[in-house]
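The structure appears below as structure tokens.
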Amino acid sequence: MAIAGIPEVINDFNLYNSGNKLVGTTGEVSLPDFEAMTATTSGNGILGEYDAPVVGHFGAMEQEIPFRCFNTDYFKLLDQSEAIELTLRGAIQTVNKSTHSSGEMGMRVVFRGRCKKFTPGTVKQREAMECSTTLDLTFIMIEMDGTERVRLDKLNGEFKIDGKDMLAKIHQLT
């Protein structure tokens, strides 16, 4: 399937906590890395060793939510007894290869986790505080233009890429 447009930039985005827009976040939110857990393999017939990624198993994932300054939304993320569900919605600006016209493509990222770190920031006259909350993620889903591309649910044993259940055979065997 050909790409309708070449992705150029994130034109704009908003971050939501359970459907309510988070006001006061900074202009940048770094998405977490997917770092596979590995098992070192060595032995007869193998020249040396290599690290084999264990399908569906990933190391701890964090999502930092940066804020310019304190606001009421910031403190709502600190309740460690409740899972926080954040949704990042963005508009990716694209360019059509054949017409050279610009267009837009939707992007949605859903995170679930609990507060792991609270950074109150710095108080300085005429400056942003640069405070943040960091969540330990147990769920992440990335969607582009209405199509789910990646889904990882650590607590319910789900790992899907482009709708393909990467653990289907493993679940069948166990």
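Quick note: residue numbers are just sequence positions, from 1.
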Mind checking whether [X] and [Y] sit in one hydrophobic cluster, side chains of I, L, V, M, F, W, Y counted as touching below 4.5 Å?
X    : Y    : result
F13  : L86  : yes
V54  : I140 : no
I170 : F159 : yes
V29  : M141 : no
I10  : I142 : yes

Has the side chain of [X] got a donor or acceptor atom that lies under 3.5 Å from a matching backbone atom of [Y]?
X    : Y   : value
T26  : E28 : yes
H57  : T38 : no
D33  : E35 : no
N96  : S98 : yes
R114 : A83 : no

Return the orientation label for the F67 and Y74 ring planes: parallel under 30°, perpendicular over 60°, tilted otherwise. perpendicular
Kindly assign one of parallel, tilted or perpendicular to the pair F34 and F58, based on the angle between their ring planes and the thresholds 30° and 60°. perpendicular
With a 4.5 Å limit on heavy-atom distance, are the side chains of [X] and [Y] in contact?
X    : Y    : result
F118 : L77  : no
D145 : M105 : yes
I92  : P7   : yes
T41  : D51  : no
R108 : L88  : no
L152 : M61  : yes
D73  : N17  : no

R149 bridged to E143 by N-O distance under 4.0 Å: no
As an exercise, state the distance from [atom1] of [X] to [atom2] of [Y], rounded to the nearest 0.5 Å.
X    : Y    : atom1 : atom2 : result
I6   : T94  : CD1   : OG1   : 9.0 Å
S18  : I84  : OG    : CD1   : 7.0 Å
N11  : E104 : CG    : CD    : 7.0 Å
Y16  : K21  : OH    : NZ    : 4.5 Å
C115 : F75  : SG    : CZ    : 11.5 Å
I161 : E148 : CD1   : CD    : 11.0 Å

Considering non-hydrogen atoms only, spot the tightest contact between [X] and [Y] and give its length.
X    : Y   : answer
A128 : C69 : CA-SG, 4.2 Å
Q63  : L31 : OE1-CA, 3.9 Å
P53  : A36 : CB-CB, 4.0 Å
S42  : E49 : CB-CB, 3.7 Å
L137 : P32 : CD1-CG, 3.7 Å

Start with the C-alpha distance between L155 and F139, add both sets of side-chain angles, then the distance that settles side-chain contact (heavy atoms from CB on, under 4.5 Å), and finish with yes or no. CA-CA 8 Å; L155 301 181; F139 176 91; over 6 Å; no
Do other residues, nucleotides or ligands put more than 12 heavy atoms under 6.0 Å from L47 CG? no
Under a 3.5 Å threshold, yes or no: a donor from one side chain and an acceptor from the other, between E64 and T134? no
